[in-house]
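Nothing fancy with the numbering, it's 1 onward along the sequence. Computed from a prediction, not measured in an experiment: that's the story for all the values here.
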Amino acid sequence: MKGLRWRYTRLPSQVEDALSAEAGEEEEEEEEETAPAPAPAPEEPAEPSLAEASQVLGASEIRQLSLHLPPRVRGYSWSLAFCTSRDGFSLRSLYRQMEGHGGPVLLVLRDQDGQMFGAFSSSAIRLSKGFYGTGETFLFSFSPQLKVFKWTGSNSFFVKGDLDSLMMGSGSGHFGLWLDGDLYHGGSHPCATFNNEVLARQEQFCIKELEAWVLS
């Protein structure tokens with residue numbers, strides 16, 4: 001009888017264990033059924049279409065740069081508004097070629113060391129009395145991997161165009177990128193606007209090729 005009573009006293013707990021196990025399995029099944037589906041992977045922006053081939057950037061560099069453009073212009077066509085090989089080494093000529101263009105501009109350069117770098121301007125490059133542009137403006141350099149220097153928010157010295165120089169980014173008397181009037185000599189220094197590194201291998205450089213692409 002003692003053994004029998006022992007079995008009966010143990011039976012309710014065994015039933016409870018079995019029921020709780022079944023309940024646990026049902027909860028797991030419910031969890032599996034209600035688990036949210038994984039989010040789809042974000043689509044890469046469409047690769048930009050160029051009206052003509054670039055003499056500075058290859059397909060890989062163009063693809064990498066396009067990922068850092070503002071969303072509003074990704075997938076836009078790139079039109080070559082100015083290049084030194086066709087239009088000559090003249091900042092005034094660059095300004096003339098920019099007339100009538102209001103869209104953003106991608107300025108790309110190659111210097112005497114073969115270094116590729118440049119800037120994205122949120123609006124067309126033009127003569128100006130002061131700095132203009134928006135926080136979409138950035139500097140970049142392939143050294144050899146792409147490095148992009150976005151606006152820090154510390155000042156609004158984006159772009160300024162004089163007759164004898166073009167400046168992009170400033171702070172403490174230094175420019176992130178500046179080009180002289182003949183578009184042959186230039187310089188790059190760390191600046192507060194973009195907290196950038198020197199874009200070229202040295203602070204002073206000579207331009208071998210320059211292109212200005214209008215995105216529209």
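- Cluster annotation: Val108 and Val148 are assigned to the same hydrophobic cluster (Ile/Leu/Val/Met/Phe/Trp/Tyr, side-chain heavy-atom contacts under 4.5 Å, transitive).
- With hydrogens and angles ignored, the 3.5 Å screen pairs a side-chain donor or acceptor of Ser122 with a backbone N or O of Thr134.
- At a threshold of 4.5 Å between side-chain heavy atoms, the hydrophobic network of Ile, Leu, Val, Met, Phe, Trp and Tyr places Phe158 and Phe149 in one connected group.
- Remark: Leu57 CG to Phe142 CZ distance equals 6.0 Å, nearest 0.5 Å.
- Side-chain atoms of Ser172 never come within 3.5 Å of backbone atoms of His174 as a donor-acceptor pair (strictly under, hydrogens ignored).
- Nearest heavy-atom pair, Gly133 versus Ser123, reported as atom, atom and distance to 0.1 Å: CA-OG, 4.4 Å.
- For the residue pair Cys191 and Phe175, the shortest heavy atom distance occurs at CB-C, 4.4 Å.
- One side chain, Ser54 or Glu211, offers a donor N or O that lies under 3.5 Å from an acceptor on the other.
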Show me the donor-acceptor pairs, under 3.5 Å and distance only, between side chains in residues 83-90 and residues at least two apart or in other chains.
residue : atom : partner : partner atom : Å
Thr84   : OG1  : Leu210  : N            : 3.1
Ser85   : OG   : Glu209  : OE2          : 3.2
Arg86   : NH2  : Leu80   : O            : 3.4
Arg86   : NH2  : Ala81   : O            : 3.3
Asp87   : OD2  : Cys83   : N            : 3.0
Ser90   : OG   : Arg92   : N            : 3.4
Ser90   : OG   : Ser93   : N            : 3.2

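- Follow the hydrophobic side-chain contacts under 4.5 Å out from Leu127 and you reach Leu107 in the same cluster.
- For residues 98-135, every residue pair satisfying the ring-ring contact (aromatic ring centres under 6.0 Å, His included) rule, not counting sequence neighbours, is listed here: Phe117-Phe205, Phe120-Phe138, Phe131-Phe157.
- A distance of 10.5 Å separates NE2 in His189 from CG in Asn196, rounded to the nearest 0.5 Å.
- In terms of heavy atoms, Ser154 sits closest to Thr193 at OG-N, 4.1 Å.
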*Quick one: do Phe140 and Leu106 satisfy side-chain contact (heavy atoms from CB on, under 4.5 Å)? Show the steps, please.*
CA-CA 10 Å; Phe140 66 87; Leu106 194 63; 4.0 Å; yes
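- Using modelled atom types, one side-chain atom of Gln115 and one backbone atom of Leu199 make a donor-acceptor pair closer than 3.5 Å.
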*Give the C-alpha distance, both sets of side-chain angles, the deciding distance and a yes or no for side-chain contact (heavy atoms from CB on, under 4.5 Å) between Leu166 and Leu91.*
CA-CA 8 Å; Leu166 176 66; Leu91 183 57; 4.1 Å; yes
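- Of all heavy-atom pairs spanning Met116 and Val56, the tightest one is SD-O, 3.0 Å.
- Without hydrogens or angle criteria, Tyr76 side chain to Arg72 main chain gives a donor-acceptor distance under 3.5 Å.
- Residues forming a side chain to side chain donor-acceptor pair (under 3.5 Å) with Lys208 (at least two apart in sequence, or on another chain): none.
- Under the 4.5 Å side-chain contact rule for hydrophobic residues, Val105 and Trp78 do not share a cluster.
- Between Cys206 and His185, the closest side-chain pair of non-hydrogen atoms falls below 4.5 Å.
- If you chain together hydrophobic residues whose side chains sit under 4.5 Å apart, Ile125 and Leu163 fall into the same group.
- Looking at Arg126, its side chain never comes within 3.5 Å of a backbone N or O of Met98 through a donor-acceptor pair.
- The backbone N or O of Ala200 sits nowhere less than 3.5 Å from a side-chain atom of Asp113 that would complete a donor-acceptor pair.
- Separation of atoms CH2 (Trp151) and CG (Leu139) is listed at 14.0 Å; rounding is to 0.5 Å.
- To the nearest 0.5 Å, the span separating CG on Leu177 from CZ on Phe194 amounts to 9.5 Å.
- For the pair Ser188 and Gly176, the tightest heavy-atom approach, listed with the atom from each and the gap, is OG-O, 2.8 Å.
- Checking each of Val214, Thr137, Leu215 against Pro104 for a side-chain contact (heavy atoms from CB on, under 4.5 Å) leaves exactly one that passes, namely Leu215.
- Here the side chains of Pro190 and Val198 are in contact, with some heavy-atom distance below 4.5 Å.
- Atom NZ of Lys160 sits about 13.5 Å away from atom CE of Met168, to the nearest 0.5 Å.
- Scanning all heavy atoms of the two residues, the minimum distance from Leu146 to Gln64 falls at CB-OE1, 3.6 Å.
- In this structure, the separation between CG on Leu94 and CG on Leu183 is 6.0 Å, given to the nearest 0.5 Å.
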